Amino acid sequence: MIDANGTSRLLTGWNSLAHSEAVAIVDDDGACSFRSLDSAARAIAAAVLEQRRSLDGERVGLLVSPNARFVEAFFGVLLAGGTVVVLSPLHPPAETAYLCDDALVKTVVVSPELTSTLGSAGSGLRQVSVSVSVGNATEQGALPAVGASSPALQLYTSGTTGKPKGAVLTHENLAVQQQVIGETWGMSPQDRLLHALPLHHMHGLVIALLTALGAGACVRLLPRFDATRVWEELAHATTFMAVPTMYVRLLEAFDAADERTQERWARSARALRLATSGSAALPVRVGQRWASLAGSYPVERFGMTEVGVGLSNPVEGERRPGTVGLPLRSVEIGIVDEQGEPAEQGELWIRGPSVFSEYFGRPQATTEAFARDGWFRTGDTATVDACGYVRILGRTSVDILKSGGYKLSALEIEEVLREHEDVAEVAVVGVADEAWGDRVVACVVARAGATLDEEVLRTFAKTRLAVYKVPRNVVWFDELPRNALGKVLKPELLRRLRS
Ligand code: MLC
Ligand code: AMP
């Protein structure tokens, strides 16, 4: 349906590239042009539509490996008028089942090699193979018109209330991001982005993949992050986007390499037009070490699932280590105290056309996420320096952690650990760590007489949670420090863990 804001610029942008023979994706199987991706996307659209005229925003799950097929499935669902919900093989069936239930997913587009990871979550879902024949392609005229305000993507993000929430991003939200991030970072068809980020989050999917494709650039999609492979592939890239943990890993691999390899790798890093860091704070020491090899400090920027990139250091101009730079041209920011009044240091608020519309099926959480006049509360504490560069000082909630760039809810992890019969009490905290940002630690009081150990508890958690949410360490306590109301004192726990 076309709405008051017109048709989807995301899809008109895609259609304008659809006849191009330029290479859009290079994966481990070879190169694909925009034209061939578009033909396959139309075949997927026909398969998910099944004779209907439009999916009218219906949520469709994507459990597709990170290669050209992923892009075909993504645009196939959008061309059919659907909303993409990205699933991940990093999730156990219990978590996939939760996401599908919450999003009311009825159809999943699946890579044949990932079907088994659906497990019990697959029962009751219609499964469409990502490799449907291009001969099925729906003619251009048969595809529905999709409006700018239609939902395009539902990304799951952890919050302070237990289970992850589905942030609904419209076609216009994504089109604005493609345009403004592309402009800010000077993305062009001459770029070749090296991509090793997971595709079930904002960074890998929108900030990296969609922005590059929207600019007509080529994306080298790696099946997963592997430091040596990334170094080798950098020689063919102009652009690289990563989370801080990846820079830490790259520097470790560099230090372990022989001198000739180091020289070669450093040459590739120096030849890059742009290397960005985001999703978590880049430790200044790590950024400086990268700069000593690559000749320039990574462009650090701030983003969120609900916003996309909000602020960035400039590509041309001064990059200030330890800051996330200046607001993008589409973004307004405010820094406010607890009463919502302007303050030198306080919560960062963001407003603008890239900000999401709602948490799916959670009107109360949506209302709470916004302050007056459409300001989105980020939950980050920030301050601005004299030149307008913003510095992120931390989160307003001790229960939101960032590990390797993934946002995690301590409460969600605690709930799962509490299901183990030998756990009497549990509190999950993030211990500051240069490699991970927050290292997730479970502080556990075991039931009397139990013979629980760290590995048993981690294995138990892995059957219920994505691997990256599973605490890296378990520390045993006789009792947890609590206040008079019985609430666990997490700052006190962290102090004890440090001592
Ligand atoms: C992997 N592991 C993690 C982890 N990633 N544990 C905690 N936190 C993480 N982030 C676990 C593995 O399951 C494994 O567990 C062990 O660590 C070693 O695995 P590995 O193979 O060494 O790790 P690897 O798979 O290489 O993963 C590291 C990583 C990955 C940095 C590549 O974490 C990653 O891709 N992070 C990106 C997250 C991201 O894209 N966030 C964007 C959110 S959007 P075990 O038990 O087997 O030892 C956003 C908006 C914005 O934030 O601004 O961008
Ligand atoms: P997510 O919900 O996964 O999109 O994570 C968004 C959160 O990541 C933000 O609210 C910040 O806490 C954090 N974040 C993103 N980029 C940065 C950065 N450059 N520095 C510090 N924190 C960041």
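Sequential numbering from 1 along the given sequence is applied to the chain's residues. Both ligands and their constituent atoms are indexed starting at 1 by order of listing. Bear in mind that the values here come from a model prediction, so they are computed numbers and not experimental data.
With respect to atom 44 (S) of ligand 1, the closest heavy atom belonging to the protein is H203 N, 3.6 Å. Given atom 35 (O) of ligand 1, the protein heavy atom at minimum distance is P198 CD, 3.4 Å. For atom 52 (O) of ligand 1, the closest non-hydrogen atom on the protein side is K402 NZ, 2.7 Å. Counting protein heavy atoms only, atom 53 (O) of ligand 1 is closest to R301 NH1, 2.6 Å. Protein heavy atom in closest approach to atom 38 (C) of ligand 1: G404 O, 3.4 Å. Protein heavy atom at the shortest distance from atom 5 (N) of ligand 1 is W436 CZ3, 3.7 Å. Annotation: atom 49 (C) of ligand 1 to nearest protein heavy atom, S279 OG, 3.5 Å. Scanning the protein for heavy atoms near atom 10 (N) of ligand 1, the closest one is S403 O, 2.8 Å.
Residue S277 has no nitrogen or oxygen atom sitting less than 3.5 Å from a nitrogen or oxygen atom of ligand 2, judged on distance alone. The shortest N or O to N or O distance between E306 and ligand 2 is not below 3.5 Å.
For the atom pair CG of L153 and OG1 of T83, the computed distance is 8.5 Å after rounding to the nearest 0.5 Å. Between atom CG of residue L411 and atom CZ of residue R418 there is a gap of 8.0 Å, rounded to the nearest 0.5 Å. Atom CG of L114 sits about 5.0 Å away from atom CG of L63, to the nearest 0.5 Å. Between the CG atom of L250 and the CH2 atom of W265 there is a distance of 8.5 Å, given to the nearest 0.5 Å. Atoms CG and CD, on D399 and E412 in that order, are 12.0 Å from each other to the nearest 0.5 Å. Interatomic distance, L222 CG to D27 CG, rounded to the nearest 0.5 Å: 10.0 Å.
Listed by number with element, the atoms of ligand 2 under 4.0 angstrom from any heavy atom of M304 are 4 (O), 6 (C), 9 (C), 10 (O). The ligand atoms of ligand 2 that sit less than 4.0 angstrom from a heavy atom of A280 are 14 (N), 15 (C), 16 (N), 17 (C), 18 (C), 19 (N), 20 (N), 21 (C), 22 (N), 23 (C). With ligand atoms numbered from 1 in the order given, ligand 2 contributes 18 (C), 19 (N), 20 (N) to contacts under 4.0 Å with heavy atoms of V324. With ligand atoms numbered from 1 in the order given, ligand 1 contributes 45 (P), 46 (O), 47 (O) to contacts under 4.0 Å with heavy atoms of K462. Those atoms of ligand 2 with a heavy atom of T157 less than 4.0 angstrom away are 2 (O).
At a heavy-atom cutoff of 4.0 Å, ligand 1 is contacted by no atom of K407, backbone or side chain. The side chain of K402, and not its backbone, has at least one atom closer than 4.0 Å to an atom of ligand 2 (non-hydrogen atoms only; side chain from C-beta on). Within the 4.0 Å heavy-atom criterion, neither part of M202 lies near ligand 2. Counting heavy atoms closer than 4.0 Å to ligand 2, residue T305 contributes atoms from both its backbone and its side chain. Of the heavy atoms in V309, none comes closer than 4.0 Å to ligand 1.
Judged purely by distance below 3.5 Å, without hydrogens or angles, the side chains of W185 and T276 never pair a donor atom with an acceptor atom. Judged by distance alone, the side chains of E306 and Y359 do bring a donor and an acceptor atom under 3.5 Å apart. Judged by distance alone, the side chains of Y297 and N313 never bring a donor and an acceptor atom under 3.5 Å apart.
Using 4.0 Å as the threshold, R472 has a heavy atom nearer than that to some atom of ligand 1. Distances shorter than 4.0 angstrom occur between a heavy atom of E300 and an atom of ligand 2. The shell of residues lying under 4.0 angstrom from ligand 1, judged by heavy atoms, includes R249. Proximity of G204 to ligand 1 is not established, as no heavy-atom distance is less than 4.0 Å.
Only one option out of R464, K469, K163 pairs with E95 in a salt bridge (charged side-chain N to carboxylate O under 4.0 Å, His left out); it is K469.
Taking all heavy atoms of S279, G278, S158, A281 into account, the minimum distance to atom 21 (C) of ligand 2 is reached by A281.
Under the 30°/60° scheme for interplanar angles, the aromatic rings of W231 and F254 are found to be tilted.
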